[in-house]
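As structure tokens, the structure follows; a few thoughts come after it.
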Amino acid sequence: MTSWGAAESNRPSETGTQLDLPAVLDEGWADLSSFPTSEALRAEAFYRQIRQQDPLLLQSQSTAIRDIRLRTGFEAVDIGSFGLRLNLRSSDLDLGISCARAQWDGLTSKLLPGFRLLGEHATRFSNSRLALASEYENVQVDLSVLSPPDFEKACRMHRHIAAAMSLTERIAYTWVKHLLNRAEALDEYERWKCVPYFRFCLDFRPSRTVRTRPVD
């Protein structure tokens with residue numbers, strides 16, 4: 001796990017990039033037009049490669065949504081990085097459903113077996129979500145069961161980012177995300193995942209990601 005100030009060997013010049021990653025992180029945003037030309041070309045090529053996976057991921061996502069609907073009667077929607085086209089090759093598909101908290105146990109029983117119950121986790125909205133995971137066509141699918149207010153807020157923010165973020169912004173953001181992931185800079189990577197929410201959603205207030213209910 002990397003922290004940029006922890007050791008000289010972790011300086012960004014050794015991550016295979018010409019970008020000053022600490023400066024990018026301090027700025028809280030990445031501007032493709034400010035990249036060195038060769039770096040911008042690498043970022044664009046990388047993004048094109050990632051997008052070649054879209055048909056496969058869309059197929060897996062469709063299968064998962066259909067299965068969840070048949071099992072539970074609930075309609076799952078994409079609330080993650082793939083829906084925003086900000087995913088990496090290693091990214092999971094993140095789906096969410098709206099369900100009143102009183103119904104969570106009954107919903108879980110319909111998804112097991114098939115899904116693994118990961119427990120109850122804090123959300124970005126200072127409440128909690130029920131987290132489950134499964135695999136469809138060799139693609140990891142994470143399912144968040146959210147209260148109706150949290151679900152509505154998650155979908156609204158997702159739509160807002162999708163509408164506001166330009167292609168060049170997606171390319172630059174995804175390239176920095178890739179560099180942090182490759183450098184195993186876990187803390188910085190987790191913070192970077194929140195950057196589009198901070199930039200485009202003025203009411204975004206992240207909460208600490210903690211497990212509030214263990215898996216049985």
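No hydrogens, no waters, no symmetry mates; every other heavy atom, side chains included, goes into these values.
Within a 6.0 Å radius of CD in E190, more than 12 heavy atoms belonging to other residues, nucleotides or ligands are found. Heavy-atom contacts from other residues, nucleotides or ligands closer than 6.0 Å to CG of L202 number 12 or fewer.
M165 has its side chain within reach of Y173: a pair of non-hydrogen atoms, C-beta onward, lies under 4.5 Å apart. Between L25 and L180, the closest side-chain pair of non-hydrogen atoms falls below 4.5 Å. Proximity of L167 to I171: side-chain heavy atoms (C-beta onward) are separated by under 4.5 Å at one or more points. Using a 4.5 Å heavy-atom cutoff, the side chains of T108 and F115 are not in contact. Annotation: side chain of K177 is in contact with side chain of S91 (closest heavy-atom distance under 4.5 Å). Looking at D78 and H158, their side chains come closer than 4.5 Å, going by heavy atoms from C-beta outward. Using a 4.5 Å heavy-atom threshold, the side chains of S144 and L95 count as separate.
Aromatic pair W104/F74: ring centres not closer than 6.0 Å. For F46 and W175, the ring centers are positioned less than 6.0 Å apart.
Between atom CG of residue L58 and atom CD of residue Q53 there is a gap of 11.0 Å, rounded to the nearest 0.5 Å. Between the CG atom of L56 and the CD atom of Q61 there is a distance of 11.5 Å, given to the nearest 0.5 Å. Taken from CG in L118 to CZ in R116, the straight-line distance is 6.0 Å, to the nearest 0.5 Å. Distance CG/L146 to CD1/I97: 8.5 Å, rounded to 0.5 Å. Taken to the nearest 0.5 Å, the OG1 atom of T37 stands 6.5 Å off from the CG atom of L41. Rounding to the nearest 0.5 Å places CD of E135 at 9.5 Å from CG of D92.
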Enumerate, atom names and distances included, each donor-acceptor pair closer than 3.5 Å involving a side-chain atom of residues 79-87, sequence neighbours excluded.
unit_1, atom_1, unit_2, atom_2, d
R85, NE, D54, OD2, 3.4
R85, NH1, F82, O, 2.5
N87, OD1, R51, NH2, 2.7

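Here the side chain of S34 pairs no donor or acceptor atom with the backbone of A30 at under 3.5 angstrom. The backbone N or O of G106 sits less than 3.5 Å from a side-chain atom of S109, completing a donor-acceptor pair. Of the possible donor and acceptor atoms, none in the side chain of W192 sits under 3.5 Å from a partner among the backbone N and O of D187.
Under the 4.0 Å criterion applied to side-chain N and carboxylate O atoms, D142 and R129 are not assigned as salt-bridge partners. Checked for salt-bridge contact, R101 and E120 meet the test: a charged N lies under 4.0 Å from a carboxylate O.
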So L143 and L130, side-chain contact (heavy atoms from CB on, under 4.5 Å) or not? Walk me through it.
CA-CA 8 Å; L143 177 64; L130 192 62; over 6 Å; no

For T174 and H178, run side-chain contact (heavy atoms from CB on, under 4.5 Å): C-alpha distance rounded to whole Å, both residues' side-chain angles, the deciding distance at 0.1 Å, then the answer.
CA-CA 6 Å; T174 304; H178 161 66; 5.6 Å; no

Using the rule given for side-chain contact (heavy atoms from CB on, under 4.5 Å), can you reason through D203 versus R156, listing the C-alpha separation, both sets of side-chain angles and the distance that settles it, and then say yes or no?
CA-CA 11 Å; D203 59 342; R156 174 173 51 79; 3.1 Å; yes

Carefully, step by step, assess E39 and L179 under the rule side-chain contact (heavy atoms from CB on, under 4.5 Å).
CA-CA 12 Å; E39 189 90 12; L179 294 174; 4.1 Å; yes

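Aromatic ring orientation, Y197 versus F204: tilted (interplanar angle from 30° to 60°).
Checked by atom type, the side-chain pair S166/E169 shows a donor-acceptor distance below 3.5 Å. A donor-acceptor pair shorter than 3.5 Å cannot be found between the side chains of S98 and E152.
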